[in-house]
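Here's the structure we're looking at; comments come further down.
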There are 2 protein chains.
Amino acid sequence: MTVTIREVAKAAGVSITTVSRALNGYSDVNLDTKRKVLEVAERLNYRPSQVARSLVMKRTRTIGLLISDFNREPGGQYFMFDVLAGIHERLAAVGYDLTLVSTTTAQQRLVSYLDLCTEKRFDGVIVMGIRLDDPYVHEVVEAPLPSVVIDLPLISKHCAYVMTDNVNGSRFAVRHLLERGHRKIGFVNGHQQAAVSQERRRGYEDALRVQKIPYEEDWVYNADFTLQGGIRGLKELLERHKDMTAVYFASDLMAIGALRYCREQGIQVPGDLAIVGFDNIDLTQFVSPTVSTIAQPRYEMGTTATDLLIGMLDDNRLGEGRMLSPELIVRETS
Amino acid sequence: MTVTIREVAKAAGVSITTVSRALNGYSDVNLDTKRKVLEVAERLNYRPSQVARSLVMKRTRTIGLLISDFNREPGGQYFMFDVLAGIHERLAAVGYDLTLVSTTTAQQRLVSYLDLCTEKRFDGVIVMGIRLDDPYVHEVVEAPLPSVVIDLPLISKHCAYVMTDNVNGSRFAVRHLLERGHRKIGFVNGHQQAAVSQERRRGYEDALRVQKIPYEEDWVYNADFTLQGGIRGLKELLERHKDMTAVYFASDLMAIGALRYCREQGIQVPGDLAIVGFDNIDLTQFVSPTVSTIAQPRYEMGTTATDLLIGMLDDNRLGEGRMLSPELIVRETS
DNA sequence: GGTTTCGTCCGAAACGTTTTCGGTATAGGG
DNA sequence: CCCTATACCGAAAACGTTTCGGACGAAACC
């Protein structure tokens, strides 16, 4: 059926050793026989089996993309697609493959994260969308398998991470509102199982403190990154504080939900209430008014994650953390 | 390093044949020895190598997702992510892996589509985002490798396809505008290298003809699915026809671009001009006014594509075409 | 009691590569 | 003329599985 190296060898009148060497560009093969081999291989349309090669080389040149439940995070698509594009682009450049595995896969087979990866003989893994309370968090860090985690500061010898600098991102957002003269600023956070939520809260707190504004719990509402969560958060905060003039949301989706609520309630944005979101998803530019936000370099997160992983694999570097800079984008809601 | 079947055999005091049979649930192995083997395998934390297995079984249980240039289609993300989710979900259920390969990968290696797939020994392929003028279109159809193409009606013994019924989708859109009383209806199409563009134009034509309205070339503008394209299209059509009261766009992104242009020009939507888009991307619900559109069952496209492929692989069915029904969603722009 | 049958198990080949080690021939140096 | 260096090539082991064909004993049958 498929043509093997043996048939090429026979057709070219040499041993399979010589074929292998000729095709892989080794030096100690006569130029004429090399040409002959290449010509025959071309004529027979020979394609070396990567699985056979993987078996003997003990590396698959395949890295796994572990997505914690593909569609658990509503609106996570906006984030994930760009990261994925970055990962894919960089991996293609260095000749690695990417295979998708979501935790549902593991669940269905009742097998642990690490077991799955060793069965498939991945050379490395990139982990995305994992939560603080996910059971396999420690498995990722401690595994001998090189890995890089996105948006969760896990680090070890074989585990690197890349995140946006969420603390500073939050600071930018809140500082911006402060500069606009706001003093009564609420904060609607994401769910507490996300590492980024903690950091964003910290940035909010810090920015206030710099201006000697005390941080108080009841100006914060813990939602879940979703549209509905944003609506609930705004509603609740407005009830608690009639004098609130600005709200900072830990996701654009929540900010947009809030925007919708404001329209229903006749609250003028930014006149009555200023709003800043986080993520810079496409939507922010299309809703009206357009929403001010903190941009995450999503594509770059993908590429640097890949770079870190490749560094561990090919130049066996150690795991390290990489912080990417967010950027304040001022639009109409503030 | 990693524990092999040989070590399990030694530890359990049986042959590797027996270990293999025990683990794979064959019948002719004594229940006691089977238990013993399972216990030892568990204790040693044995994980069978899928690459060794692939080599001998001559199937990898891996299917390739061929994306024609990941970020060539601007706005393609909205479409692709959901399809991807559907594919992934279904594949996981039947125990296949999915590995991403974009044409850039092949280009970088100067190797044809088919060569790439045979090297990686994919069991099948799903092709997405391919254009009519892509050089490897015929390669896909004629290859012995089972494949499913999304949004391009290619069919052969080993090649199936799944698309939305774009002709009917267009009919729904235009008929809806007709029912609203419009008679002067423009059409801004996508680029001509997409198969769906031809179909959508046909649907537009048909719907008009049913109402005895002649189809005329100069009511159609060929754009490119993008925001800017939508703006250009609307502008051009408005210049050609002062009396136009409605426009149908072959993508939501174009419709939304048009919406933006209308706002700038003070054109009332739907008062002065009614608008219908295509795709039902999330954006349509967030812009103001919300845009009427034809919904594509994106997730289902992914799952049925997978079902078709699995059918060819496991039950060796032949390639077939599957049409999915679109749905008219009336919102504020019409 | 001999022959079958059945239940268990194992040896060895096969899958398609890479790589180590060594072999042969030719050329060059003394 | 002998020895060594060099260039080229091949045999065979290895990677970790699955599976075919058979072996061995015990039970069953005639």
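Just so we're on the same page: letters track the sequence lines, and every chain starts at 1.
Side-chain N/O atoms of A:Tyr26 include one lying less than 4.0 angstrom from OP1 or OP2 on C:dT19. Taking only side-chain nitrogens and oxygens, B:Thr18 comes nearer than 4.0 Å to OP1 or OP2 of C:dC10.
The 12-atom threshold is not exceeded at CZ of A:Arg317, counting heavy atoms of other residues, nucleotides or ligands nearer than 6.0 Å.
The pair A:Glu39-A:Arg43 meets the salt-bridge criterion, since a charged nitrogen lies less than 4.0 angstrom from a carboxylate oxygen. For the pair B:Arg298 and B:Glu300, the salt-bridge criterion is not met [side-chain N within less than 4.0 Å of a carboxylate O]. Using a 4.0 Å cut-off between charged nitrogen and carboxylate oxygen, A:Arg61 and A:Asp97 do not count as a salt-bridge pair.
Among the atoms of the strands shown, base atoms are found under 4.0 Å from some heavy atom of B:Asp28. Looking at heavy-atom distances under 4.0 Å, B:Ser54 makes no contact with the nucleic acid at all. As judged by a 4.0 angstrom heavy-atom cut-off over every strand, A:Val14 is placed among residues touching the sugar-phosphate backbone only. A:Ser20 comes within contact range of at least one nucleobase, with a heavy-atom separation under 4.0 Å. Looking at heavy-atom distances under 4.0 Å, A:Arg59 makes no contact with the nucleic acid at all. At a threshold of 4.0 angstrom between heavy atoms, the contacts of B:Ser49 are confined to the sugar-phosphate backbone, with no base atom among them.
With sequence neighbours excluded, no residue satisfies side chain to side chain donor-acceptor pair (under 3.5 Å) with B:Tyr46.
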side-chain hydrogen bond (donor to acceptor under 3.5 Å, both in side chains) between A:Thr18 and A:Ser15, worked out: CA-CA 5 Å; A:Thr18 305; A:Ser15 74; 3.2 Å; yes
Verdict with reasoning, A:Asp314 to A:Tyr96, per side-chain hydrogen bond (donor to acceptor under 3.5 Å, both in side chains): CA-CA 11 Å; A:Asp314 290 355; A:Tyr96 275 82; 3.0 Å; yes
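The footprint of chain B on DNA chain D, defined by a heavy-atom cutoff below 4.0 Å, extends from D:dG16 to D:dC20.
Here B:Ile63 contributes atom CD1 and B:Leu313 contributes atom CG; the two are 8.0 Å apart, rounded to the nearest 0.5 Å. How far OG1 of A:Thr99 is from NZ of B:Lys120: 12.0 Å, rounded to the nearest 0.5 Å.
Computed from coordinates, the B:Lys10 NZ to C:dC10 P distance equals 14 Å when rounded to whole Å. Between B:Asn30 atom CG and C:dC10 atom P the separation is 11 Å, expressed in whole Å. As rounded to whole Å, 17 Å separates atom P of C:dA14 from atom CG of A:Leu55. A:Met57 has its CE atom 15 Å from the C1' atom of C:dT20, to the nearest Å. When rounded to the nearest whole Å, the span between CD1 of A:Ile16 and C1' of C:dT18 equals 9 Å.
Residues A:Arg21 and B:Thr33 both approach DNA chain C. Their nearest nucleotides, taken by heavy-atom distance, put B:Thr33 toward the 5′ side. Along DNA chain D, the nucleotide closest to B:Thr17 and the one closest to A:Val56 are compared, and the more 5′ of them pairs with A:Val56.
An end-to-end axis angle of 60° holds for the helix from C:dG1-D:dC30 to C:dG30-D:dC1, taken from five base pairs per end and rounded to 10°.
Side chain to side chain, A:Asp115 and A:Ser112 meet the donor-acceptor criterion of an N or O pair below 3.5 Å.
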